Protein chains: 2
Amino acid sequence: MNITIKDVAKAANVSVATVSRVLNKKTNVSDEAVQAVNRAVEELGYSPNFLGRDLRKSETKRILAIIASTEHSFYSEVLRGMQDAAYTQGYDVLIATTRDDPEHEMHLLNMLFSKAVDGAVLLAPKLDSKTISELAKKYHLAMCLERLEGCEILCVTIDNEQAGYDATKLLIGKGRKRIGLITTKVRSQSSIDRENGYKRALRDAGLPLDEELIYYGDYSYDSGFKGCEELMRLKTRPDAVFSISDTISIGAMTYAIRNGINVGKDVLFFGFDNISYSHMFIPRLSTVEQPCYLQGKTVIERLISNMKAEDPDRSTIMLPHSLILRESTGDSTY
Amino acid sequence: MNITIKDVAKAANVSVATVSRVLNKKTNVSDEAVQAVNRAVEELGYSPNFLGRDLRKSETKRILAIIASTEHSFYSEVLRGMQDAAYTQGYDVLIATTRDDPEHEMHLLNMLFSKAVDGAVLLAPKLDSKTISELAKKYHLAMCLERLEGCEILCVTIDNEQAGYDATKLLIGKGRKRIGLITTKVRSQSSIDRENGYKRALRDAGLPLDEELIYYGDYSYDSGFKGCEELMRLKTRPDAVFSISDTISIGAMTYAIRNGINVGKDVLFFGFDNISYSHMFIPRLSTVEQPCYLQGKTVIERLISNMKAEDPDRSTIMLPHSLILRESTGDSTY
DNA sequence: TTGCCTATTGAAAACGTTTTACTTTTGTTG
DNA sequence: CAACAAAAGTAAAACGTTTTCAATAGGCAA
C-alpha cells in the first residue's frame with residue numbers, strides 16, 4: 001500500500017542506502033544515481049516517512065508552542081516571531097492550546113517527554129513553578145511572556161512591574177490623584193507584577209494606597225465593564241483607571257462612555273498589550289506595548305541554541321516595553 | 001542516556017513485551033508483573049517514545065489544523081470545537097499557520113504525507129481546488145469554514161451566498177435603497193459567495209446593481225475605513241454598508257463616526273462573523289453569526305469517521321447561520 | 001501418571017528510516 | 001602495468017516501540 005524507500009530503491013536499481021543519501025543530499029553518490037533516484041521518487045510519488053526518520057535521528061525539527069487559547073489575537077505576533085526564528089533554522093512551530101487546564105498542559109508536554117517534538121515553549125503556564133523548574137532540567141523547555149517566581153528556566157518576557165509603574169506614573173504626571181486599578185483575581189505573575197508596579201508608583205508619588213480602588217475580576221471585557229461600574233460608584237470617583245489588559249480596559253471605557261463620562265478628560269484610561277482593537281476603539285486607547293514579535297523570536301533563538309549547548313541557559317531575559325499615548329489619556333497622537 | 005522500554009524491562013525483571021502489554025493495558029498479564037512494571041516506570045521516570053510507537057502502529061492520534069494565522073480570534077471557537085471532538089476520541093489537535101503562503105501550506109501538508117499526523121483540516125486554503133482535490137484522494141484531508149469550487153473533499157461550512165443574501169435583504173427590509181458592499185480583492189470563495197448573495201438580494205428586490213457601490217480592499221480594519229471613505233464620497237451616498245467581515249465593518253463604522261455620520265440611522269452597517277469585538281464596539285455591530293464551534297466539531301467527527309471507513313465521505317456540509325441585530329442597524333437588542 | 005487446556009511469558013520480527021562498516025569500482029600516479 | 005587512493009556502492013545494524021508466534025508453567029480431569 002504505502003511506498004517506502006525500498007520501493008524507490010528497487011525502481012531506481014540502487015540500494016536503500018543510496019536512496020537515503022540522495023534524499024539527504026549527501027556526497028559520494030554519482031550523478032546517474034541521483035537522477036535515477038529522483039526519477040523513481042517522482043514516478044512513485046514517494047515521500048519519506050518522518051516517523052522512521054525522526055526515530056533514527058532522534059530529532060524531529062519541531063517545536064511546540066503551548067498557549068491558553070487562540071482567542072487573544074495578542075499571541076499572534078509572538079507566534080510569528082517564533083516561527084520566523086524557527087523557520088530560518090529549519091524548525092517548524094506547532095501550536096497547541098491548554099484551555100487553562102493544568103492537566104491538559106501536562107498532557108501536551110507529554111509530546112516533549114516522548115520525543116514527538118524537540119522542544120516546547122510555555123506562553124501561559126498553569127502548572128506551578130516547582131513542577132516546571134523540574135521539567136526544565138530534563139527537557140528543552142522555555143517560557144515566554146509570562147515568568148514564574150523562582151522558576152529556573154529560560155524565560156523571555158518584559159519587566160511587567162516596571163511597565164505597571166510607568167503607566168501609573170504617566171497618569172500621575174497628568175495630575176491624577178485617585179487612580180483605579182482593574183486586575184484579575186487569578187494571580188498570574190504578570191498581573192501581580194503590574195499591580196506591584198502600580199502600587200510602587202503611588203508610593204513614590206506620595207499618594208495614598210486605597211484598596212477600594214482596586215477591582216479584582218477576570219481577563220474579560222465584561223469584567224472591565226463591571227469593574228469600572230464599581231469604581232464609578234465610589235463616594236469619590238477615580239479620575240483615572242489603569243487596567244492590566246486592553247480587553248478589560250475597553251470594557252471599562254465602554255461603561256464610562258455609556259454613562260456619560262468624558263473619557264480622556266474626566267477620567268483617563270490606560271490599558272496593556274496594545275492589541276489591534278485598542279486603536280480601533282473610539283476613543284483610541286492608551287496602552288503599554290510589549291515587543292511581541294521580538295519576544296517570540298528571542299525565545300526560539302535561545303531555545304534552539306540551548307538544544308545544541310551542553311550547558312543550557314536558564315536565565316530570564318527582559319525586553320523593553322513602551323507606552324503608547326492615545327485619546328483615552330487625552331493625547332491626540334495616533 | 002535515555003530510558004527506554006528495555007531499561008524498564010530489566011528493572012522489572014520481565015521481558016520488553018510484558019512492559020509493553022502493561023503500558024497498553026492489555027490483559028494476559030499477571031498482577032505481580034503489572035506492579036513490578038509500574039514500579040519500575042515510576043522509579044526510572046520512564047515515558048515511552050512516541051516515535052517508536054507511532055512508527056510501529058503507523059498512527060499518531062494527532063490531527064493538524066492549518067490556519068492562516070492566529071490573528072483572527074474568530075478561529076478560536078472553531079478550534080475549540082475541533083479539539084473537543086478530537087479529544088473525546090483520543091486524538092490531539094495541533095495547529096500550524098500558513099501565513100497566507102501556498103508554499104508554506106504545502107510544506108505543512110508534508111506532515112500529513114509523511115505520517116507525522118493522521119489527518120489535516122484546512123481552514124483557509126491558499127492552494128488551488130485541483131491540487132487539494134488530488135490530495136484529498138490520497139490522504140485524510142478536510143476543509144472547514146471555506147469551501148472551494150469543484151473541490152472533492154470533505155468540507156464543513158455555511159451557505160455564505162445565502163448569508164450574504166439574508167444580510168442584504170434585511171437592510172433592504174429596513175427601507176435602504178443604496179447599499180454599499182465592502183469586500184476583498186483577493187477572491188476567497190466565501191467572499192465571492194457573500195458578494196453573490198448581496199447581488200441576488202438586490203436583483204430580487206428590483207434594485208439596480210451599481211458597481212460604484214462595491215469596494216474591493218483586504219480583510220483589515222484600515223481597508224474598511226478606506227472603503228467607507230470612498231463610498232461616502234460618491235455623489236449619492238449609500239444608506240447602508242454590508243462588509244464581508246466584522247473587522248472591515250468596524251473600520252467602516254469608525255470612518256463614519258469620525259465624520260459625523262449617524263450610524264444606525266443615516267447609514268446602517270452590517271458585518272460578518274460575530275467576532276467578540278463586534279459587540280464591544282460602540283455602537284454595537286449587527287452581523288452574521290456562523291456556528292463556529294459546531295463547524296469545528298463536525299469536521300473532526302467526520303474526518304475521524306473517514307479515517308476508519310473504507311469509503312470516505314467527500315461531501316460538503318452546510319450548517320445554518322443566523323443574523324444578529326444590534327445598534328448599527330438601529331436595533332437595540334443586545 | 002498422563003494428557004490437555006489456559007493463562008502468562010518471552011524471543012524475535014516488523015515498522016521506515018539513517019548510518020556504520022565494509023566491498024567494489026574507478027582513476028591516478030610512479 | 002602495478003599499486004594505491006578515492007569514489008561509489010552495499011548489507012546490515014540501529015533507533016524504540018508493538019505484535020506475532022511459540023514456549024512454558026500451572027491446573028485439572030481422566
Side-chain angles (χ1 to χ4, degrees), chain A residues 1-38 40-41 44-62 90 110-118 139, chain B residues 1-38 40-41 44-62 90 110-118 139:
Chain A
M1 177 68 216
N2 269 321
I3 299 143
T4 76
I5 197 172
K6 277 188 196 165
D7 303 319
V8 176
K10 201 168 294 173
N13 241 331
V14 295
S15 77
V16 163
T18 302
V19 177
S20 176
R21 275 193 288 259
V22 171
L23 260 40
N24 294 287
K25 311 217 187 304
K26 290 273 172 58
T27 54
N28 289 346
V29 43
S30 67
D31 284 355
E32 314 152 46
V34 171
Q35 303 213 345
V37 168
N38 283 336
V41 165
L44 299 176
Y46 167 75
S47 66
N49 183 314
F50 280 176
L51 297 172
R53 167 183 300 187
D54 295 346
L55 173 60
R56 175 59 225 235
K57 297 182 121 175
S58 54
E59 77 170 354
T60 63
K61 291 280 181 179
R62 263 169 249 134
N110 232 11
M111 289 188 60
L112 183 59
F113 311 154
S114 53
K115 315 280 184 215
V117 292
D118 295 345
Y139 302 99
Chain B
M1 178 69 217
N2 270 319
I3 299 141
T4 76
I5 197 172
K6 276 189 196 165
D7 303 318
V8 177
K10 201 168 293 174
N13 240 332
V14 295
S15 77
V16 163
T18 301
V19 177
S20 175
R21 277 192 284 258
V22 171
L23 260 40
N24 293 288
K25 312 220 186 302
K26 290 274 172 57
T27 54
N28 290 346
V29 44
S30 66
D31 285 355
E32 315 151 46
V34 171
Q35 303 213 344
V37 168
N38 284 336
V41 165
L44 298 177
Y46 167 74
S47 65
N49 182 314
F50 280 177
L51 296 171
R53 168 182 299 186
D54 294 347
L55 173 60
R56 175 59 223 233
K57 298 182 123 175
S58 54
E59 78 170 354
T60 63
K61 291 278 182 182
R62 264 169 250 135
N110 233 11
M111 288 188 61
L112 182 59
F113 311 153
S114 53
K115 315 280 186 218
V117 293
D118 295 345
Y139 302 101

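These numbers come from a predicted model, not from an experiment. The sequence lines fix the lettering, A, B, ..., with proteins before strands; numbering per chain opens at 1.
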Handout entry: Electrostatic pair R62(B):D54(B) at N-O distance under 4.0 angstrom
Key =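 Salt bridge flag = yes for D54(B) with R62(B).
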Problem - Which residue lies more 5' along DNA chain C, comparing K57(B) with D31(B) via nearest heavy atoms - result: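 Looking at DNA chain C, the more 5' nearest nucleotide goes with D31(B).
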Handout entry: Most 5' of A33(B) and L55(B) on DNA chain C, judged by nearest nucleotide
Key =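 The 5'-side residue here is A33(B).
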[X] [atom1] to [N] [atom2]: how many Å, rounded?
X      : N       : atom1 : atom2 : answer
F50(A) : dT17(C) : CZ    : P     : 10 Å
R21(B) : dA7(C)  : CZ    : P     : 14 Å
L51(A) : dT18(C) : CG    : P     : 12 Å
N2(B)  : dT17(D) : CG    : C1'   : 14 Å
N13(A) : dA8(D)  : CG    : C1'   : 15 Å
E32(B) : dG10(C) : CD    : P     : 12 Å
I5(A)  : dC15(C) : CD1   : C1'   : 14 Å
E59(A) : dG16(D) : CD    : P     : 14 Å

What contact category does [X] fall into here, base, sugar-phosphate, or nothing, at under 4.0 angstrom with non-hydrogen atoms?
X      : value
T18(B) : sugar-phosphate
V14(B) : sugar-phosphate
T4(B)  : sugar-phosphate

Handout entry: From CZ (R53(B)) to CG (L51(A)), nearest 0.5 Å
Key =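 Here the rounded value is 12.5 Å.
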Exercise for the section: Supply the atom-to-atom distance K115(B) NZ to Y139(B) OH, rounded to the nearest 0.5 angstrom. Expected result: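 Atom-to-atom, K115(B):NZ and Y139(B):OH are 6.0 Å apart.
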Handout entry: Selected nucleotide, minimal atom distance to A17(B) side chain, candidates dG9(D), dA12(C), dT17(D)
Key =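 When the side chain of A17(B) is considered, dA12(C) is the closest of dG9(D), dA12(C), dT17(D).
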Handout entry: Candidate nucleotides dT19(D), dT10(D), dT19(C), ranked by approach to the side chain of S20(A) - the nearest
Key =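 When the side chain of S20(A) is considered, dT19(C) is the closest of dT19(D), dT10(D), dT19(C).
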[X] side-chain N/O to [N] phosphate OP1/OP2 under 4.0 Å:
X      : N       : value
R53(A) : dG16(C) : no
R56(B) : dA14(C) : no
S30(B) : dT9(C)  : yes
N24(B) : dT18(D) : yes

Problem - Check: R21(B) main-chain N/O paired with N24(B) side-chain donor or acceptor under 3.5 Å - result: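 No, the answer is negative, given that no donor and acceptor are paired below the 3.5 Å cut-off.
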Practice task
Examine the side chains of D118(B) and T60(B) and answer whether a donor and an acceptor come within less than 3.5 Å of each other.
Solution key: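 Note: D118(B) and T60(B) side chains meet the donor-acceptor criterion.
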